[in-house]
Amino acid sequence: MLQRSFEILDVTLRDGSHAMKHAFTEQQVIDTAKGLDQAGVSYFEVSHGDGLGGSSLQYGFSKVDELKLIEAAAGVCKNSKVSVLLIPGIGIKEDLQDAVKAGAKMVRVATHVTEADVAAQHIALGRELGLKTVGFLMMAHMADVQKIVEQAKLFESYGAEVIYVTDSAGYLLPHEVTERISALKQSVSCEIGFHGHNNLSMAMANTVAAVEAGATYIDGSLRALGAGSGNTQTEVMVAVLERLGYQTGIDLYSIMDVANDVVAPFMQRPQEITGSGLIMGYSGVYSSFLLHTQAAAKRFGVDERDILVELGRMKAVGGQEDLIYDVAQSFAVKKAL
């Protein structure tokens with residue numbers, strides 16, 4: 001068997017949780033996990049969209065306890081390994097320990113692109129627990145290359161084995177991805193990953209740019225199921241990268257089958273670039289804000305695009321979901337005058 005050129009990590013069962021309103025059933029997770037395993041995907045992520053401990057009033061309650069979903073996914077896999085996301089301040093030490101007991105083999109510790117320093121103990125715990133441990137720099141468009149390198153070096157010093165450039169808003173263009181990945185390749189010794197969103201229809205092009213710049217971990221989601229306008233589409237990514245001469249190690253027909261026969265039937269809406277998704281990418285707004293923004297716009301009778309543009313101007317980041325309703329209310333007050 002030919003050696004893989006990189007690892008494709010599928011995030012359908014984590015980033016897709018946003019689009020599913022955190023309502024995955026155990027059977028949906030089992031069926032998707034089986035398909036990913038049979039297709040040859042090495043790692044896939046299972047947790048609340050906002051990571052371990054994310055099930056809450058602020059971020060949205062999960063229909064099924066994420067530990068049950070992790071255990072269910074791990075239990076049907078012969079080769080694939082389950083990853084979990086942990087955002088310091090949302091997930092805690094005990095959440096990660098419980099996830100390991102449920103079968104997790106990788107943790108991706110996610111921070112805002114300028115706040116890697118809050119993750120030292122979480123990275124250390126991941127290594128202590130024997131997990132493949134990853135530093136995940138979210139909203140990577142909000143820092144220049146020098147700052148990203150600085151933050152990546154912090155992650156590396158804490159023990160991260162992989163460091164991700166994460167385009168949480170779907171804002172970056174291919175040349176900007178190339179700059180960031182290339183700089184990290186030159187500055188740190190650990191592996192580099194890329195996670196894209198498709199709000200500007202750039203997810204695939206950005207992923208190709210990341211691979212060509214030296215990324216060895218890249219994320220995708222079946223049928224692009226994810227926050228905002230979704231992620232790089234896993235099954236399409238396999239086809240494109242194979243066409244470019246890379247070895248993905250994933251069977252194209254099998255990954256297409258799980259995307260079309262398992263995931264497509266339970267999707268709540270087609271994953272497409274709507275007007276609000278486009279504005280998110282254009283304004284640099286966190287992709288998981290989309291459903292919250294739509295709910296706030298409906299509640300206050302205002303245009304969701306106005307809310308998103310204002311959030312972009314305010315440089316809102318993950319964890320500031322309460323701002324969405326404040327902004328919507330302020331527009332409603334102005335409208336009433």
Which atom of [X] lies closest to which atom of [Y], heavy atoms considered:
X      : Y      : value
Val149 : Ala183 : CG2-CB, 3.8 Å
Val302 : Ala332 : CG1-N, 3.6 Å
Gly135 : Ala160 : N-CB, 3.9 Å
Leu137 : Gln151 : CD2-CB, 4.0 Å
Ile307 : Ala328 : CD1-CB, 3.7 Å
Asn206 : Leu172 : ND2-O, 2.9 Å

Is [Y] reachable from [X] through a run of I, L, V, M, F, W or Y residues, each pair having side-chain heavy atoms under 4.5 Å apart?
X      : Y      : value
Met314 : Phe289 : yes
Val285 : Leu200 : no
Val162 : Val188 : yes

Check whether any side-chain N or O of [X] sits under 3.5 Å from a backbone N or O of [Y] as a donor-acceptor pair, and report yes or no.
X      : Y      : result
Ser288 : Ala227 : no
Asn198 : Gly230 : no
Asp95  : Ile92  : yes
Thr32  : Val29  : no
Gln271 : Gly228 : yes
Asp37  : Asn79  : yes
Glu45  : Leu9   : no
Lys21  : Gln268 : no
Thr232 : Gly220 : no
Arg14  : Gly49  : yes

Is there side-chain contact between [X] and [Y], with at least one heavy-atom pair below 4.5 Å?
X      : Y      : result
Asp261 : Asp31  : no
Ser47  : Leu85  : yes
Lys147 : Thr114 : yes
Phe331 : Phe300 : no
Asn231 : His197 : yes
Ile273 : Ser201 : yes
Met20  : Gln28  : yes
Thr207 : Phe194 : yes

Answer yes if the side chains of [X] and [Y] hold a donor-acceptor pair under 3.5 Å, and no otherwise.
X      : Y      : answer
Asp167 : His141 : no
Thr178 : Glu212 : no
Thr166 : Ser168 : no
Thr234 : Asp10  : yes

To the closest 0.5 Å, what do you measure between [atom1] ([X]) and [atom2] ([Y])?
X      : Y      : atom1 : atom2 : result
Leu222 : Phe44  : CG    : CZ    : 10.5 Å
Lys63  : Lys68  : NZ    : NZ    : 12.5 Å
Leu69  : Leu13  : CG    : CG    : 8.5 Å
Leu323 : Glu310 : CG    : CD    : 9.5 Å
His22  : Glu66  : NE2   : CD    : 10.5 Å
Arg4   : Ile250 : CZ    : CD1   : 6.0 Å

Lys185 vs Ile181, side-chain contact (heavy atoms from CB on, under 4.5 Å): CA-CA, chis, key distance, verdict: CA-CA 6 Å; Lys185 287 290 290 183; Ile181 299 295; 4.3 Å; yes
For [X], does the [atom1] atom sit with more than 12 other heavy atoms under 6.0 Å from it, leaving out its own atoms?
X      : atom1 : result
Tyr282 : OH    : no
Arg243 : CZ    : no
Glu272 : CD    : yes
Tyr171 : OH    : no

task: Kindly say whether the aromatic ring centers of Tyr246 and Phe6 come within a distance under 6.0 Å.
output: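 Judged by ring-centre distance (under 6.0 Å), Tyr246 and Phe6 do meet the cut-off.
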- prompt: Residues in side-chain hydrogen bond (donor to acceptor under 3.5 Å, both in side chains) with Thr293, at least two apart?
  reply: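 Testing Thr293 for side-chain hydrogen bond (donor to acceptor under 3.5 Å, both in side chains), a comparison that skips the adjacent residues, returns none.
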task: Quick one: do Lys93 and Gln121 satisfy side-chain contact (heavy atoms from CB on, under 4.5 Å)? Show the steps, please.
output: CA-CA 9 Å; Lys93 177 177 73 173; Gln121 61 182 315; over 6 Å; no
Identified side chain to side chain donor-acceptor pair (under 3.5 Å) counterpart of Ser42 within the set Glu7, Lys132, Lys81: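 Answer to the side chain to side chain donor-acceptor pair (under 3.5 Å) test with Ser42 among Glu7, Lys132, Lys81: Glu7.
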message: With side-chain contact (heavy atoms from CB on, under 4.5 Å) as the criterion, how do Arg299 and Tyr325 come out once you've worked through the C-alpha distance, each side chain's angles and the decisive distance to 0.1 Å?
response: CA-CA 9 Å; Arg299 176 179 171 184; Tyr325 292 89; 3.9 Å; yes
field: Criterion side-chain contact (heavy atoms from CB on, under 4.5 Å) against Ile70, the qualifying member of Val82, Asp98, Val100
entry: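 Answer to the side-chain contact (heavy atoms from CB on, under 4.5 Å) test with Ile70 among Val82, Asp98, Val100: Val82.
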For residues 51-60, tabulate all N or O donor-acceptor pairs below 3.5 Å that involve a side-chain atom, not counting sequence neighbours.
{"residue": "Ser55", "atom": "OG", "partner": "Ser62", "partner atom": "N", "Å": "2.9"}
{"residue": "Ser56", "atom": "OG", "partner": "Gly54", "partner atom": "O", "Å": "3.1"}
{"residue": "Ser56", "atom": "OG", "partner": "Tyr59", "partner atom": "N", "Å": "3.3"}
{"residue": "Gln58", "atom": "NE2", "partner": "Gly319", "partner atom": "O", "Å": "3.2"}

query: Where do Val208 and Val211 land on the side-chain contact (heavy atoms from CB on, under 4.5 Å) test, with the steps shown first?
result: CA-CA 5 Å; Val208 171; Val211 168; 5.8 Å; no
- prompt: Can a salt bridge be assigned to the pair Glu161 and Arg127 using a cut-off of 4.0 Å between side-chain N and carboxylate O?
  reply: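 Salt bridge flag = yes for Arg127 with Glu161.
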task: Run the salt-bridge test on Glu150 and Lys153 with the 4.0 Å N-O cut-off and return the result as yes or no.
output: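 Not counted as a salt bridge, because no side-chain N and carboxylate O are separated by less than 4.0 Å.
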message: Listing request: all salt bridge (Lys or Arg N to Asp or Glu O under 4.0 Å) pairs with a residue in residues 213-240, at least two apart in sequence or in separate chains.
response: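 Residue pairs passing salt bridge (Lys or Arg N to Asp or Glu O under 4.0 Å), neighbours aside: Arg108-Asp219.
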message: Please verify the inter-ring angle class for His195 with Phe136; under 30° counts as parallel, over 60° as perpendicular, anything in between as tilted.
response: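 The rings of His195 and Phe136 stand perpendicular, inter-plane angle above 60°.
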